[in-house]
Amino acid sequence: MATQKRILVTGGSGLVGQGIKAASEADKRSDEEFIYLCSKDADLTDREATKAVFKKHQPTHVIHLAAKVGGLYGNMRANLQFFRINSAINDNILSVAQEMGVKKVVSCLSTCIFPNETTYPIDETMIHNGPPHDSNYGYSYAKRMIDVMNKGFNQQYDTEFTAVVPTNVFGPFDNFNLEEGHVMPGLIHKVYKCKENNTPLTVWGTGRARRQFIYSKDLGRLFLWVLREYKETEPIILSVGEEDEISIKEAAEFVAKGFDFKGDFVYDTTRSDGQYKKTASNAKLRKYLPDFKFTPMDQAIRETCEWFTANYSTARI
Ligand code: NDP
């Protein structure tokens, strides 16, 4: 009989955690038990609370998602807090996991932590090649240190600590707050309101910035593959292809379609666009999984719009 795996998912109540939950329920294995944590189970900035939750659940594997996460505008206001909170959480999770004998931890980086000045497409080898964009340096440096710690733990303790690098994630359970959320949930919330009030849609920025978006349920399926099959400790980018990068204007059009919104679009160019583009290569992923099928963008956005409408009263807005 296969050894029973107890997989502790930190940040399990969030956008990515719930994507993993959906994927694991669609692809159940008898030797796997998932435990999804939220901040009420333990404040992971607190080392003793982190130890206690590991003692309680005795995980054999960890998927580490818990983080202070925010969009461009939230980050710009609080770089110091993003750095300190995320550094504390990451240090606690990785060191307690090692102390408790957890062999494999899959942590989560992001393509927005890559150098601001770089060549495109970015790939897994470029994470530390220069300073990140100034708007989110706190979050970025804290995330980059996960890669540094993984290397150290693997060298000194023979662990298999690795990390994945998703592009912009969207889907059910996202943070749809207009000031602090990411661009896609922000657009979804705004279009929902515009349709309700019969007003034009105001898109922040010029609409020209370009991004690769991944549906949380697709990311969930890829996380499970990394947990089960990926043997490298070097990070791997989890993204749609370079050809699937779209402008913010196109993203807004997809959302309008998702809600059947026919009103006008206005671009508020007093708002920053952030980095113009961050095109990431998914060549490494494609080398392993040449046949993986991403959900078509219009379907994924429509499903998310439907989820938001059905869950408006309880969603994070
Ligand atoms: P969410 O904001 O949706 O979820 C964050 C999760 O972390 C929640 O479960 C939250 O718990 C938990 N959490 C936050 N602070 C603490 C704390 N102090 N102690 C314990 N738990 C805490 O984020 P996402 O799902 O979007 O992000 C998950 C991971 O994916 C993060 O590491 C993020 O950096 C990464 N990522 C996200 C991208 C995106 O586009 N969203 C892109 C690339 C990477 P609670 O629900 O109780 O608050």
Side-chain angles (χ1 to χ4, degrees), residues 8-22 35-54 62-72 74-75 81-94 96 105-114 122 127 132 136 138-147 163-177 180-188 211-220 222-223 226 235-240 251 274 278 280 300 304 314-317:
L8 192 68
V9 183
T10 75
S13 53
L15 165 68
V16 178
Q18 291 295 308
I20 293 173
K21 192 171 188 184
I35 302 136
Y36 297 91
L37 296 183
C38 71
S39 60
K40 287 193 195 76
D41 296 303
D43 174 2
L44 300 175
T45 60
D46 178 332
R47 192 174 170 77
E48 290 311 311
T50 308
K51 272 188 176 166
V53 85
F54 271 70
V62 173
I63 293 180
H64 172 40
L65 309 171
K68 180 173 170 60
V69 178
L72 171 63
N75 267 279
Q81 283 83 348
F82 273 83
F83 180 77
R84 295 192 63 204
I85 291 172
N86 286 320
S87 298
I89 293 176
N90 299 336
D91 186 54
N92 286 338
I93 291 297
L94 295 180
V96 170
V105 178
V106 182
S107 297
C108 202
L109 310 180
S110 165
T111 45
C112 67
I113 70 168
F114 275 69
I122 51 177
I127 295 174
N136 67 346
Y139 175 82
S140 301
Y141 277 117
K143 283 276 179 203
R144 288 184 187 191
M145 291 309 111
I146 289 182
D147 187 51
V164 300
V165 189
T167 44
N168 294 259
V169 191
F170 70 95
F173 301 94
D174 207 343
N175 181 356
F176 294 89
N177 183 285
E180 299 195 340
H182 287 111
V183 53
M184 189 68 89
L187 286 169
I188 289 172
R211 296 290 181 266
Q212 282 153 303
F213 292 97
I214 181 166
Y215 189 32
S216 57
K217 293 182 182 173
D218 292 341
L219 182 59
L222 291 171
F223 250 104
V226 169
I236 182 164
I237 291 174
L238 302 181
S239 173
V240 299
K278 315 175 184 185
T304 310
T314 51
R316 280 185 284 171
I317 49 173

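We count ligands from 1, going down the list as the structure has it; atoms in each ligand are counted the same way.
Taking only nitrogen or oxygen atoms, main chain and side chain alike, N168 does not reach within less than 3.5 Å of ligand 1. The distance criterion of under 3.5 Å between nitrogen or oxygen atoms is met by L44 with respect to ligand 1. Where the criterion is an N or O separation shorter than 3.5 Å, residue side chain and backbone included, V16 meets it with respect to ligand 1. Any N or O atom pair closer than 3.5 Å counts here, and H64 shares no such pair with ligand 1. Residue-to-ligand polar distances place V169 within reach of ligand 1: an N/O pair is separated by less than 3.5 Å. Between T45 and ligand 1, no pair of N/O atoms sits closer than 3.5 Å.
Residue contacts with ligand 1 do not include V165, since none of its heavy atoms lies under 4.0 Å from the ligand. Remark: distances from the non-hydrogen atoms of V69 to ligand 1 include one below 4.0 Å. Proximity of D174 to ligand 1 is not established, as no heavy-atom distance is less than 4.0 Å. Within the structure, the closest approach of F170 to ligand 1 does not fall below 4.0 Å when heavy atoms are considered.
Rounded to the nearest 0.5 Å, atoms CG (N92) and NE2 (H64) are 9.0 Å apart. Atoms OH and CG, from Y141 and N136 in turn, are 10.5 Å apart once rounded to the nearest 0.5 Å. Atoms CD1 and CG, from I93 and L65 in turn, are 10.0 Å apart once rounded to the nearest 0.5 Å. Annotation: the span from T304 atom OG1 to K217 atom NZ amounts to 7.5 Å, rounded to 0.5 Å. Distance check: L238 CG to L222 CG gives 5.5 Å after rounding to the nearest 0.5 Å.
Proximity to K143 (heavy-atom distance under 4.0 Å) selects the following atoms of ligand 1: 31 (C), 32 (O), 33 (C), 34 (O). Set against the non-hydrogen atoms of L15, the atoms of ligand 1 under 4.0 Å away are 3 (O), 25 (O), 26 (O), 41 (N).
N86 places a side-chain N or O within donor-acceptor distance of the main-chain N or O of K68, the cut-off being under 3.5 Å. The backbone N or O of P172 sits nowhere less than 3.5 Å from a side-chain atom of Q18 that would complete a donor-acceptor pair. With hydrogens and angles disregarded, a donor-acceptor distance shorter than 3.5 Å links the side chain of Q212 to the backbone of A280. Within the 3.5 Å criterion, the main-chain N or O of Y36 finds no donor-acceptor partner in the side chain of K21. In terms of modelled atom types and a separation under 3.5 Å, the side chain of D46 and the main chain of A49 share a donor-acceptor contact.
Given atom 18 (N) of ligand 1, the protein heavy atom at minimum distance is D43 OD1, 3.1 Å. For atom 29 (C) of ligand 1, the nearest non-hydrogen atom of the protein is L65 O, 3.2 Å. Nearest protein heavy-atom contact of atom 35 (C) of ligand 1 is C108 SG, 3.5 Å. Taking atom 20 (C) of ligand 1 as the reference point, the nearest protein heavy-atom neighbour is A42 O, 3.2 Å. Protein heavy atom nearest atom 5 (C) of ligand 1, with residue, atom name and distance: A67 O, 3.9 Å. Residue, atom and distance of the protein heavy atom nearest to atom 4 (O) of ligand 1 are G14 CA, 3.4 Å. Taking atom 34 (O) of ligand 1 as the reference point, the nearest protein heavy-atom neighbour is Y139 OH, 2.5 Å.
Comparing I89, N90, L109 by heavy-atom distance to atom 44 (C) of ligand 1, the nearest is L109. When the heavy-atom distances from atom 2 (O) of ligand 1 to H182, Q18, R316 are ranked, the shortest goes to R316. Of the candidates S13, A66, A49, G12, it is S13 that places a heavy atom closest to atom 10 (C) of ligand 1. The heavy atom nearest to atom 22 (C) of ligand 1, out of those in C38, S39, G11, is found in S39.
Atom CZ of R144 has more than 12 heavy atoms from other residues, nucleotides or ligands within 6.0 Å.
With a 4.0 Å cut-off on non-hydrogen atoms, T10 does not touch ligand 1 at all. The proximity of K68 to ligand 1, defined as any non-hydrogen pair under 4.0 Å, does not occur for either the backbone or the side chain. By the criterion of a heavy-atom distance under 4.0 Å, neither the backbone nor the side chain of C112 is placed next to ligand 1.
Two rings, from Y215 and F170, have their centers less than 6.0 Å apart.
Contact between C108 and K143 at its shortest, heavy atoms only, is O-NZ, 2.7 Å.
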